[in-house]
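Okay, so here's the structure we're looking at.
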Amino acid sequence: MAAEAAAAGRLWLSACRAGGHWRRLCSAGLLRGFLQPASAVGDAARRRQLAHFTFQPDPEHQDYGQTQKMNLFQAVTSALDNSLAKDPTAVIFGEDVAFGGVFRCTVGLRDKYGKDRVFNTPLCEQGIVGFGIGIAVTGATAIAEIQFADYIFPAFDQIVNEAAKYRYRSGDLFNCGSLTIRSPWGCVGHGALYHSQSPEAFFAHCPGIKVVVPRSPFQAKGLLLSCIEDKNPCIFFEPKILYRAAVEQVPVEPYNIPLSQAEIIQEGSDVTLVAWGTQVHVIREVASMAQEKLGVSCEVIDLRTILPWDVDTVCKA
Amino acid sequence: MRKMLAAVSRVLSGAAQKPASRVLVASRNFANDATFEIKKCDLHRLEEGPPVTTVLTREDGLKYYKMMQTVRRMELKADQLYKQKIIRGFCHLCDGQEACCVGLEAGINPTDHLITAYRAHGFTYTRGLPVREILAELTGRRGGCAKGKGGSMHMYARNFYGGNGIVGAQVPLGAGIALACKYNGKDEVCLTLYGDGAANQGQIFEAYNMAALWKLPCIFICENNRYGMGTSVERAAASTDYYKRGDFIPGLRVDGMDVLCVREATKFAAAHCRSGKGPILMELQTYRYHGHSMSDPGVSYRTREEIQEVRSKSDPIMLLKDRMVNSNLASVEELKEIDVEVRKEIEDAAQFATADPEPPLEELGYHIYSNDPPFEVRGANQWIKFKSVS
């Protein structure tokens with residue numbers, strides 16, 4: 001995360017002198033530009049409608065069969081649909097998932113698969129994860145939803161002390177590998193303290209679990225399917241600002257993107273920029289700005305899996 | 001007053017209207033107080049409950065009416081400002097639940113303590129903050145009670161500990177405040193509120209256990225408005241008798257739409273705690289007209305007919321008004337005048353809230369720690385620094 005600031009900082013200082021066009025770019029994302037002091041009241045609404053980045057879709061992938069235009073939440077629904085179809089033991093549960101979820105990630109699944117496979121839980125995160133661990137230990141596939149990543153903390157003990165260490169402490173006799181926890185993640189502009197947090201760092205030092213953050217619908221579906229099929233408990237954070245903003249061509253059939261593999265999105269020779277989730281799109285803009293304005297060639301890496309992370313790719317870059 | 005006198009004099013004289021004098025017409029005397037019957041509370045592990053009749057003085061009646069009307073108008077104004085995008089972020093309105101905040105305040109002293117969840121605007125007002133500071137906090141201006149940094153869910157006042165975003169997290173806090181009350185020995189109690197959705201959180205049961213074990217003067221209050229966001233209580237709870245959920249803690253179920261019922265129950269509960277008997281649980285059966293928050297239309301999980309029915313049969317302001325008018329504690333015109341006064345107050349407050357400047361950018365990093373001397377906090381990148389002063 002710190003690597004990107006180098007290019008960004010110098011860029012901003014030089015670009016600040018320029019006007020119009022750069023002002024839009026400057027007001028995008030990481031720089032002081034976006035923290036504009038309030039002026040006229042009428043400006044307020046307009047000011048906040050600008051997102052701080054532009055989502056950059058990947059080119060369409062040809063190797064996975066027919067594709068369909070989907071945004072991030074539709075890609076997640078598609079992945080869950082594929083999972084429930086393939087795996088008869090898979091169940092989805094969480095707060096308000098039955099009607100489709102507060103971000104519409106589970107729309108239509110209850111009608112399709114029945115109320116004993118897609119069901120609501122009461123308001124109890126610790127209970128949801130603990131319950132999920134229990135389901136997973138018996139061998140069924142448990143896909144739990146924590147309504148916002150900010151609410152994952154009551155479940156922190158269950159994840160870190162129970163889920164992560166189950167296999168180890170039972171000497172591989174038991175495990176809760178078929179547990180996947182999905183949660184909307186990251187800042188969205190109006191979320192303030194409790195609807196904007198990015199808690200992946202808290203989990204990044206806990207051996208036994210995997211933490212994954214996708215940057216786009218295509219990545220999300222493949223990574224989510226990999227998490228569900230992975231034989232370790234996984235936490236899948238979905239950048240909520242991208243739920244509607246990110247639209248791409250996504251294959252309809254199931255496919256997997258391997259975990260613990262970072263992706264080099266853009267090759268470069270001078271500086272390495274590493275990011276994940278929403279920030280990947282900001283970094284891409286930074287990289288092109290660096291190339292144009294400073295002649296610096298940046299290598300952009302999307303880490304994808306935070307834990308265990310792909311040390312080789314980052315070090316070789 | 002003037003309008004009322006004019007009307008009366010018209011009736012008496014039957015002739016052309018004369019300018020009314022300011023002398024109080026003797027024939028229009030109001031009663032000083034009236035006795036009302038209130039609903040009996042369901043009890044759990046209690047021999048006796050709060051009384052079934054109560055005396056309401058004219059003064060108190062007018063006070064409660066004004067407070068409830070102020071909360072109602074303030075919430076509706078917040079709704080309006082939100083739709084105009086002057087208030088952003090999250091906004092959870094409590095119109096329909098005015099009898100809870102006003103009734104609870106009427107049953108306790110200003111030195112008692114209160115903590116609640118995010119549907120807190122009404123409590124912020126009843127605990128003593130002026131409407132202009134509340135609205136300014138909603139619009140994020142420096143005149144707001146948390147200097148514009150807290151917003152809708154994080155408002156605080158003297159002996160009012162918020163305003164908490166995480167569901168259920170405030171209940172162990174309330175038990176802690178009750179411990180401090182007991183420790184300080186000043187005969188204070190702590191009202192710890194939570195909703196029907198939060199009632200299923202584990203930490204609430206932990207708080208029950210601690211409070212009962214150490215006999216803390218904590219009144220646990222479940223504001224049951226029948227829906228936890230969009231989930232009705234039957235679909236979320238194995239037992240919807242929230243007043244019994246404390247198990248070993250005695251409980252009462254109270255009609256939360258009747259301000260007098262809430263007041264009597266609160267007085268009873270506070271007396272219970274102050275006498276050293278330990279915690280007690282109250283379930284207030286109430287209703288909210290708006291959805292869970294401003295982004296929830298509120299009609300996808302309940303029918304408009306249901307909302308309309310509650311509004312016409314059990315609206316707390318209407319109930320109090322009918323009682324007062326029917327027992328001659330006040331006249332319709334007098335209450336209308338209060339309405340006009342309240343409306344003006346809210347308009348002024350909204351004007352202030354819209355015109356006040358936002359807090360300066362330099363203050364973004366303040367109050368992270370308590371530190372001396374000030375230190376620097378990194379912003380969105382390492383070249384942006386904010387000074388953090390406390």
Side-chain angles (χ1 to χ4, degrees), chain A residues 1-2 4-13 29-39 41-42 44-49 52 95-96 98-100 102 119-127 130 147-148 150-151 153-155 157-158 187-196 279 282 286, chain B residues 84-90 118 139-142 148-154 164-169 194-205 228-231 233 235-238 292 295-296 300-301 354-362 364 378-386:
Chain A
M1 251 349 201
E4 36 87 352
R10 261 179 294 133
L11 251 173
W12 178 71
L13 291 169
L30 16 123
L31 311 173
R32 193 174 190 110
F34 88 91
L35 294 170
Q36 286 152 16
S39 47
V41 164
R46 244 185 325 120
R47 212 182 335 124
R48 283 177 182 92
Q49 274 157 21
H52 310 317
E95 290 160 25
D96 300 307
F99 85 97
V102 286
F119 53 92
N120 282 339
T121 58
L123 217 169
C124 45
E125 287 75 24
Q126 189 176 16
Q147 195 160 80
F148 282 90
D150 314 53
Y151 308 156
F153 301 110
D157 173 70
Q158 286 286 346
C187 72
V188 69
H190 55 271
L193 295 164
Y194 301 118
H195 296 77
S196 317
Q279 201 69 353
V282 180
V286 168
Chain B
Q84 293 173 319
K85 293 199 194 272
I86 298 174
I87 295 178
R88 309 272 310 192
F90 296 100
Y118 46 77
T139 55
R141 306 302 162 96
R142 56 178 90 181
K149 286 168 79 174
S152 165
M153 289 194 272
H154 308 110
N164 295 285
I166 297 291
V167 166
Y194 55 95
D196 46 282
N200 301 316
Q201 274 273 330
Q203 41 195 333
I204 298 200
F205 295 90
M229 203 159 80
T231 308
V233 293
R235 291 192 302 123
H292 163 74
S295 31
D296 172 22
S300 47
Y301 47 86
T354 320
D356 204 33
E358 284 182 5
L361 187 57
E362 291 70 52
L364 189 67
R378 181 199 138 126
N381 72 43
Q382 64 217 60
W383 282 271
I384 301 174
K385 290 262 193 275
F386 296 108

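Just so it is clear, the structure is predicted and the values come from calculations on it, not from any experiment. In what follows, chains carry the letters A, B, and so on, assigned in the order in which the sequence lines appear, proteins first and then strands, with residues in each chain numbered from 1.
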- prompt: Side chain of B:Arg235, backbone of B:Val233: donor and acceptor closer than 3.5 Å?
  reply: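 The answer is no, because no donor-acceptor pair under 3.5 Å joins these two groups.
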
field: B:Asp196 side chain vs B:Gly228 backbone, donor-acceptor pair below 3.5 Å
entry: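 Yes.
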
query: Given the rule in the side-chain contact (heavy atoms from CB on, under 4.5 Å) test, do B:Phe386 and B:Glu362 qualify, once you have shown the distances and angles that lead to the verdict?
result: CA-CA 7 Å; B:Phe386 296 108; B:Glu362 291 70 52; over 6 Å; no

field: B:Ala198 versus chain A, the contacting section by heavy-atom distance below 4.5 Å
entry: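 For B:Ala198, the backbone is the part near chain A, not the side chain.
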
field: Verdict with supporting geometry, B:Tyr301 and B:Thr231, side-chain contact (heavy atoms from CB on, under 4.5 Å)
entry: CA-CA 7 Å; B:Tyr301 47 86; B:Thr231 308; over 6 Å; no

message: Can you tell me which portion of A:Glu95 sits under 4.5 Å from chain B's heavy atoms? Options are side chain, backbone, both or neither.
response: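 Answer is neither: A:Glu95 stays 4.5 Å or more from chain B.
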
- prompt: Which answer fits A:Val102, side chain, backbone, both or neither, if we ask what part of it has an atom under 4.5 Å from a heavy atom of chain B?
  reply: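 Contact with chain B is through the side chain of A:Val102 alone.
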
